[in-house]
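Because only heavy atoms are used, hydrogens play no part in the values below, and waters and symmetry mates are left out as well, while side chains stay in.
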Amino acid sequence: MRRAALLTALLVVLAGCGGVADVAVTEPPDDPTPAPTDTPTTDVQVIGGDLPFDATTVFERVLNLTGERVDGPVVYVESPAAMERSILDSRRSGFRAALGVEPPPRNSSERLRLAAYAPADGNAVHVNEAILANGTRAEVTVAHEFVHTVQFRNGWQESVWNVDPTFDAGGISYDRRLTYYLVIEGAATYVETRYVRQFVPGMADGDALAAAYANASAYERLNLARYHLGAEYVDERVDSPADLQTVHRNPPESAEQVLHNSTDPVESLTVTTTETGDWTERGRDRQGELFLRIALRTELNRSTAVDAAHGWGEDRRITFERGNRTATAWTLHWDDAENATEFEAAFDRYLEAKATRNGSVWEQTDGPATYRVVEANDETTVVLLGDETFVRAATVNATGENAVDVGVAE
């Protein structure tokens, strides 16, 4: 099975869910579902078709597992066409392409087909009628979405979304968005696994997901991580599904905290761009440890990639453009000098696998990117990549212990 098709199949099985970090999901602008009442009722109304199981029973099971009491949603049975979504073209950046983290090709046959999703108001669950032929799998998928109903009805997602360390670009960083979905989808997958064990004991649980994650492409891993790694994190944080509120009310601040079940704060890092000549800064973001690990995994074995990304303290990806040319300065700040050295050694092996050295730079073997690595100080590394002119001309200067200036020599 092609990787793109594999991702589609897996996300259909896993539920798909509305609003994901790397896949565009458009929710209906106006949902005619009634608002919740003061006295919760667990009845679930089904509109647009019939389900091969009793939706109210499934919802009440989820409520009993989580120990929560909220109104039942309306379930809408939708046609397959109504559940199709496209891959975000914004994810097709030169930065991602240079690192091997790319979505599948633009192809209508590889559009994502969601199995189900729950809009963030918590009032509804939309189900693809194509999954109903397998009644057991459909039941588990809807149970997963009912966990989102519990999350959204309680407003737990607001606590998770609002936690963000100081971010100089404003708004919510990529790493923070990814962390949000690691919690939201991880919690739903964690409860789903418990649901299967208690109510569908003959059905296989998380082994297929772990295997899929291990064998996926980098882009697929970014999508599957929220289910697989997110569920592992929740499992470490709680003793039972009844403790879910704790994870949401005291959420992680970064993917690093999810990966290591830690409370390590994002470190301080300031990156300035004072003298860039004809190159203009287009945007900046924080990618985070999980993205770094997955990118390294495209050319390195798992243990090497994990070890090289471990010790991440903060990063700032800054994109520059000049006309139709783009380049990136990715500044990575480490917990200590030893972590910085380990990353730089691993990244050298990473480049050996995907590029050819030409003096002070590396030239991508099967693409247009050029790479250069600069050690700004003992704990800070800057990876320059993209347009060759920029990569060769860029200057990097440490202006403080946790401060770097990136420029372009004329």
Only counting residues at least two apart or in another chain, list the ones meeting salt bridge (Lys or Arg N to Asp or Glu O under 4.0 Å) with R302. none
Inspect the contact between R137 and E192 and indicate whether a charged nitrogen and a carboxylate oxygen are less than 4.0 angstrom apart. yes
Among all residues two or more places apart in sequence or in another chain, which pass the ring pair (Phe, Tyr, Trp, His ring centres under 6.0 Å) test with W312? none
Could you list all the salt bridge (charged side-chain N to carboxylate O under 4.0 Å, His left out) pairs where at least one residue sits in residues 55-66, not counting sequence neighbours? R61-E139
side-chain contact (heavy atoms from CB on, under 4.5 Å) with F146: of L63, V75, V191, only one passes, and it is V75
Side-chain heavy atoms of V183 within contact of V234, under 4.5 Å: no
Taking the side chain as every heavy atom from C-beta outward, state whether W279 and V406 have any atom pair closer than 4.5 Å. no
Tell me, do L182 and Y233 make a side-chain contact under 4.5 Å, heavy atoms counted? no
Contacts of N250 meeting side chain to side chain donor-acceptor pair (under 3.5 Å) (sequence neighbours excluded), chain-then-number -> none
Contact check, side chains of I184 and W156, non-hydrogen atoms, under 4.5 Å: no
Test side chain to side chain contact (heavy atoms under 4.5 Å, CB included) on W330 and L99; report intermediate values, then the result. CA-CA 12 Å; W330 192 14; L99 295 172; 3.7 Å; yes
Output, in order, the C-alpha distance, side-chain angles, deciding distance and verdict of side chain to side chain contact (heavy atoms under 4.5 Å, CB included) for R286 and V266. CA-CA 11 Å; R286 174 190 297 127; V266 176; 4.0 Å; yes
Ignoring hydrogens and angles, state whether a donor on the side chain of S159 or R249 is under 3.5 Å from an acceptor on the partner side chain. yes
Salt bridge (Lys or Arg N to Asp or Glu O under 4.0 Å) filter on E321, not counting sequence neighbours, yields R282
Just distance, no hydrogens or angles: give the donor-acceptor pairs under 3.5 Å from side chains in residues 288-297, sequence neighbours left out.
{"unit_1": "E289", "atom_1": "OE1", "unit_2": "H260", "atom_2": "NE2", "d": "3.4"}
{"unit_1": "E289", "atom_1": "OE2", "unit_2": "H260", "atom_2": "NE2", "d": "2.7"}
{"unit_1": "R297", "atom_1": "NH1", "unit_2": "L300", "atom_2": "O", "d": "3.0"}

Which of V70, V125, D71, V142 passes side-chain contact (heavy atoms from CB on, under 4.5 Å) with F59? Answer is V70
With side chain to side chain contact (heavy atoms under 4.5 Å, CB included) as the criterion, how do Y350 and T304 come out once you've worked through the C-alpha distance, each side chain's angles and the decisive distance to 0.1 Å? CA-CA 10 Å; Y350 170 87; T304 302; over 6 Å; no
Grab the two heavy atoms, one from T276 and one from G407, that are nearest each other, plus how far apart they are. CG2-CA, 4.3 Å
Residue set satisfying side chain to side chain donor-acceptor pair (under 3.5 Å) with S240, at least two apart, ordered chain then number -> none
Taking the side chain as everything from C-beta on, heavy atoms only, tell me whether F343 gets closer than 4.5 Å to L332. yes
Among residues at least two apart in sequence or on other chains, which ones pass salt bridge (Lys or Arg N to Asp or Glu O under 4.0 Å) with R237? none
Does some side-chain heavy atom of H310 sit less than 4.5 Å from a side-chain heavy atom of E256? no
Pair D285 + R176, salt bridge at N-O below 4.0 Å: no
Going by atom types only, do Q245 and H248 share a side-chain donor-acceptor pair under 3.5 Å? no
Tell me every residue that passes ring pair (Phe, Tyr, Trp, His ring centres under 6.0 Å) with Y195, counting only those two or more places apart in sequence or in another chain. F199
Do any pairs count as a side-chain hydrogen bond (donor to acceptor under 3.5 Å, both in side chains) and have a residue in residues 365-377, sequence neighbours left out, and if so which ones? N377-T380
Hey, is the main chain of Y227 close enough, under 3.5 Å, to the side chain of E185 for a donor-acceptor pair? no
How long is the gap from CG on L269 to CG on D315, to the nearest 0.5 Å? 8.0 Å
Intermediate values then yes/no, side chain to side chain contact (heavy atoms under 4.5 Å, CB included), E267 and W334: CA-CA 9 Å; E267 295 196 4; W334 304 96; over 6 Å; no
List the residues meeting side chain to side chain donor-acceptor pair (under 3.5 Å) with R349, not counting sequence neighbours, and say none if there are none. none
Can you check whether W362 reaches E352 side chain to side chain, under 4.5 Å on heavy atoms? yes
Do S173 and D175 have a side chain donor and acceptor closer than 3.5 Å? no
F390 six-ring face occupied by R322 cation (under 6.0 Å, within 45°): no
Return the set of residues passing side chain to side chain contact (heavy atoms under 4.5 Å, CB included) with P368 (not counting sequence neighbours), or none when no residue passes. Q364
Can you label the angle between the H126 ring and the Y117 ring as parallel, tilted or perpendicular, going by 30° and 60°? parallel
May I ask you to check whether T399 and D405 show a side-chain donor-acceptor distance below 3.5 Å? no
Does the side chain of T189 come within less than 4.5 Å of L209's, by heavy atoms? yes
Please identify which of these residues, E84, E129, E78, meets the salt bridge (charged side-chain N to carboxylate O under 4.0 Å, His left out) condition with R113. E84
Between E102 (side chain only) and R96 (backbone N and O only), is there a donor and an acceptor less than 3.5 Å apart? no
